[in-house]
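Here's the structure, in structure tokens; my notes come after.
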Amino acid sequence: MAKFNMNPLKNPMPAQDPKVRNGNFKEVALGYTAEMAIDEAKRCIGCKNRPCVAACPVNIKIPEFIAKVAEGDFEAAYQIIAEDSALPAVCGRVCPQETQCEGKCTRGIKAGCEAVGIGRLERFVADWHNENAKDKPVPAPSNGHKVAVVGSGPAGLTCAGDLAKMGYEVTVFEALHVAGGVLVYGIPEFRLPKAIVQKEVDNLKALGVKVETNMVIGRVITIEELKAEYGFEAVFIGSGAGLPKFMNIPGESLKGVYSANEFLTRSNLMKAYRFDSHTPIQHGKCVAVVGGGNVAMDAARTAKRLGAEVHIIYRRGEEELPARREEIEHAKEEGIIFDLLTNPTKILATPTTDPRDPSYGWVNGIECIRMELGEPDESGRRSPKEIAGSEFVIPVDCVIMSLGTSPNPLLKATTPGLETLRRGEIAVDEVGKTSIEGVYCGGDAATGAATVIKAMGAGKVAAKAIDEYIQNK
């Protein structure tokens, strides 16, 4: 058998047929078989300069774990990944590998060649471990120190896991009723199954991490009280960025207008895989999703599964869509309509003026204008500009705004001395230290909305800084 597989293309990912998956919330991508994983792993040439590792925010030892996959030693591959990543089954599914590790893969540099499927291999290894491993994680001996983690998203879970491995008594405080943060409430079941997230949370609990849900820090307990009254020597804030942004155009207050956060949280709360008539969300017949990122794709594909015709409205062209290419292609396959170089100007209401009419105050359409890209600026970026007289209306009964998010101001308002930036992000230094002694922050709460893996990287950096802070007190 040849040592390397020099096929220029990666093994394709098996997936549900688009016509089938439009009627369910089951995971779209089905995962590699063992044979496919081994074959794909042999495409890695194990180059010495390891650009993929440098491009990974948590610096997973990618060539080493892939070499073990090529040998068929999947458990050894998992243990290598676990040295640096607390959420491998999650990262293998939702990380933008094409712009990170795979974007720097030596195999993908040559014209006509694709990068090694690093993310697909990470997912396979994590799933294999979760299905076959018999030994549970063992808690490290306690070092007698306590740390609080605010938020159970990727930054918080990563920080908690790393600190637990060092012997810290860690308690995670989650505002909602299930741990996982954006991984549970923000990402649909068809892209990241809830059982996968729960397995990762259970692994952290096995390490000794305590999880307290329904705890809104800043309301139930303040940051100061965590330190002064509950004995936590340090606090890590990983509360994310859950405050949605809007366009401030006429009609945004109409019934049937959602932020993508609200729409996805509602659909995830009802456990989308049940797909019943009791969904606490509007089942629109025609839905407009404004935005072009991954969250917009998630909202659009969720609305499609709830029975709607769906339009994605984005003011730039397809090349500028910020969503992952895989998500864009999946959306196209599922029949999502892309209205590109289009910008909303007004949300229209039903024509009735009678408050007693059941349709009073509801969305009836979205007025848009066509856009064109101007001349490139110094950076080569072309800004969109309106085409006069090109206004038109898309008849819709639901509008979902997916324009980004910023951190909730609650912690700033209830934590004296906590410095924030202009857009509400908590101000931190290079290791996540805030303006308050013993309080650290990372992930979207510090950077604004970003990726899962970058939040994890911030959690790792902060965990190390917290350990140094406590040990040097």
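The first residue of the sequence shown is numbered 1, and numbering continues consecutively from there. For the numbers below, each heavy atom of this structure counts, side chains included, while hydrogens, waters and symmetry mates do not.
- With salt bridges taken as basic N to acidic carboxylate O contacts below 4.0 Å, one links E83 and K61.
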Side-chain polar contacts of residues 441-450 - donor-acceptor pairs under 3.5 angstrom, sequence neighbours left out - could you list them?
residue: D444; atom: OD1; partner: A450; partner atom: N; Å: 3.1
residue: T447; atom: OG1; partner: G443; partner atom: O; Å: 3.1

Under 3.5 Å, side-chain donor or acceptor atoms of residues 424-432 against the rest of the protein: list the pairs with distances, not counting sequence neighbours.
residue: D429; atom: OD1; partner: V431; partner atom: N; Å: 3.0
residue: D429; atom: OD1; partner: G432; partner atom: N; Å: 3.1
residue: D429; atom: OD1; partner: K433; partner atom: N; Å: 2.9

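- Within a 6.0 Å sphere centred on NZ of K68, heavy atoms belonging to other residues, nucleotides or ligands number 12 at most.
- Annotation: side-chain contact (heavy atoms from CB on, under 4.5 Å) contacts of A82 (sequence neighbours excluded): Y78.
- Ion pairing between E122 and R93 fails under the 4.0 Å rule for side-chain N and carboxylate O.
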Just list the side-chain donor-acceptor pairs under 3.5 Å for residues 451-463, sequence neighbours left out, or say none.
residue: T451; atom: OG1; partner: K454; partner atom: N; Å: 3.3
residue: K460; atom: NZ; partner: D84; partner atom: O; Å: 3.2
residue: K460; atom: NZ; partner: D162; partner atom: OD2; Å: 3.2

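- The pair E262-R266 meets the salt-bridge criterion, with a side-chain N (NZ, NE, NH1 or NH2) lying under 4.0 Å from an Asp/Glu carboxylate O.
- Looking only at distances, a side-chain donor or acceptor of T302 sits under 3.5 Å from a matching main-chain atom of D298.
- For E419 and K412, the salt-bridge test fails: no basic side-chain N is under 4.0 Å from an acidic carboxylate O.
- Evaluated for a salt bridge (Lys or Arg N to Asp or Glu O under 4.0 Å) with R325, the options E102, E318, E114 yield exactly one hit, E318.
- Residues passing the side-chain contact (heavy atoms from CB on, under 4.5 Å) test with E437 are Y469, sequence neighbours excluded.
- A salt bridge is defined here as a Lys NZ or Arg NE, NH1 or NH2 lying under 4.0 Å from an Asp or Glu carboxylate O, and K194 with E189 meets this definition.
- Here the closest non-hydrogen pair linking L264 and P188 is CD2-CG, 4.1 Å.
- Between R305 and E334 there is a salt bridge, since a side-chain N of the basic residue sits under 4.0 Å from a carboxylate O of the acidic one.
- Cation-pi geometry between R123 and Y32 is not satisfied (NZ or CZ under 6.0 Å from the ring centre, within 45° of the ring normal).
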Which side-chain N or O atoms in residues 173-182 pair as donor and acceptor under 3.5 Å with protein atoms at least two apart or in another chain?
residue: E174; atom: OE1; partner: S152; partner atom: N; Å: 3.2
residue: E174; atom: OE1; partner: S152; partner atom: OG; Å: 2.6
residue: E174; atom: OE2; partner: L176; partner atom: N; Å: 2.9
residue: H177; atom: ND1; partner: Y185; partner atom: OH; Å: 3.3

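- For the residue pair G291 and I312, the shortest heavy atom distance occurs at O-CG2, 3.3 Å.
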